[in-house]
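What follows is a single structure, written as structure tokens, with notes after it.
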Amino acid sequence: MADKVVKFGGSSLADANQFRKVADIIKSDAKRRYVVPSAPGKRFSDDIKITDMLYKCCELAGSGIDFSEEFKIIKDRYNGIISELGIDMSLENEFSEIASELRSRPAKDFAASRGEYLNGKVLAAYLGFNFVDAADVIVFDTKGNLLLDQTVKAVRDRLKGLDNAVIPGFYGRTTEGFIKTFSRGGSDVTGSIIANAVRADIYENWTDVSGFLVADPRIVEDPDVIEVITYRELRELAYMGASVLHEDAIFPVRSAGIPINIRNTNRPQDDGTLIVSDDYDFSRESLNRTITGIAGKKGFSSINIEKAMMNNEAGFGMKVLKVLYDNGLSFEHMPSGIDTMSITLSTEKLAPVREKVLADLRKAVDPDHLEIEDGLAILAVVGRRMKNTRGTVARIFASMAHARINVKLIDQGSSELNVIIGVSEHDLPEAIRRIYDMFINSEK
Ligand code: ASP
């Protein structure tokens, strides 16, 4: 029987009621043997996450200020959960150890990690599972880089012979013995590492949404959930700002061929989104949509360069790109014509060197015309099926034409996994809605 690794995010463990839902989910499937919890998150929108309160305590301790008032709020939250669930345990010893460590050596990562550490203890006691401290199994080098091979070995050794385990997310220990955390949201990474180490069947990532949505719900009303998405498609969409999962959580499971299932703790009846490799058997999917998702991002500028016969001038492109390189700029797209070249890049990154880039370009290639156009948005239409479907691009442009939206840039990667179009920022929401209508509503 292959196992499932289940990770629960902060909102899934924000209070006693959420703990009950989590326990029900775990107990409803015997394969859910390895559990990775986050620290208690927000219970309502103005609430403060335990992790943020711990950072605050550490900051106060670092300035030699008494943090007992803030620390009491943290203790009260754990104690509230323990008493409401009727668990026979006390965290008083842990609380005093943490407080005294913070007073004598206020280290940020140590402080932040205690949210997951304490929550792991509570959850393990509530479930009747073994508690395995992440500090004993997740290994970082002295610079704070994860040592995956060593970690996998340590996890396997430690879990050997255990029927189940709760392993707190977000942190581990360096080879020098210091507690080290991943970046924010890093419990996702811990779950992925544990799934790799135990060769899980699946890595279930339980959160407060029923998976990835085809489009941003602030733009499209009640968009559909993506049923299956490949890692490559996810990367394209995540790059455009659609994110539910920590970026570094992909690699450990992807390299081991383990799918990730994004699930909703508040709606366990939903299947969520399955993230798979390219070799997945897609015939198992119920929907066969042409496109998987649509995402857009504002805040781009285009440097437009015109020069007669530019395409005959050897090294023209190189000189232009060298100017960008010398000014520390990376670019997103570079469509070019016979006498024109335009470079799309972030307005914000361009801002500090804007005038210098223009001057350098004039010097480097002596253009006939040079300008910067601001207020651009980039929209990505992503889908693995586009490659084998004729007419996708025609449908995208038909929907833009009907909406009278001017397309300023077109780019289709050689993988044919996405079509990128550039539009004015103010056209972006309507462009997304039209494409959603064209592909999702009309394929229903
Ligand atoms: N508790 C940490 C954070 O708030 C890590 C996590 O939740 O994944 O970032």
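First listed ligand is number 1; within each ligand, the first listed atom is number 1. Values below: all heavy atoms of this structure, side chains included; hydrogens, waters and symmetry mates excluded. As the structure is a computational prediction, the values presented were derived from the model and not from experiment.
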Within the 4.5 Å heavy-atom criterion, are Phe331 and Leu324 side-chain neighbours or not?
yes
Using a heavy-atom cut-off of under 4.0 Å, does the side chain or the backbone of Glu116 touch ligand 1, or both, or neither?
side chain
Taking the inter-plane angle between the rings of Trp206 and Phe8 on a 0 to 90° scale, is it parallel (under 30°), tilted (30 to 60°) or perpendicular (over 60°)?
parallel
Mark the output for Gly169 as yes if a heavy-atom distance to ligand 1 is under 4.0 Å, and as no if none is.
no
Short N or O distance, Lys7 and ligand 1, threshold 3.5 Å exclusive
no
Taking distance alone, with no angle check, do Asp188 and ligand 1 share an N/O pair under 3.5 Å?
no
Between Phe140 and Phe182, does the ring centroid distance fall short of 6.0 Å?
yes
Taking the side chain as every heavy atom from C-beta outward, state whether Leu379 and Ile432 have any atom pair closer than 4.5 Å.
yes
Can you name the atoms of ligand 1, numbered from 1 with element, that are less than 4.0 Å from a heavy atom of Gly185?
3 (C), 5 (C), 6 (C), 8 (O), 9 (O)
State whether the side chain of Glu233 and the backbone N or O of Thr230 hold a donor-acceptor pair below 3.5 Å, judged by distance alone.
yes
Sub-4.0 Å atoms of ligand 1 with respect to non-hydrogen atoms of Ser38:
6 (C), 7 (O), 8 (O)
When you look at Asp374 and Arg354, which way does the salt bridge (charged side-chain N to carboxylate O under 4.0 Å, His left out) test go after all the steps?
CA-CA 12 Å; Asp374 296 316; Arg354 198 175 165 106; 2.8 Å; yes
Tell me: protein heavy atom nearest atom 4 (O) of ligand 1, and distance?
Arg184 NH2, 2.9 Å
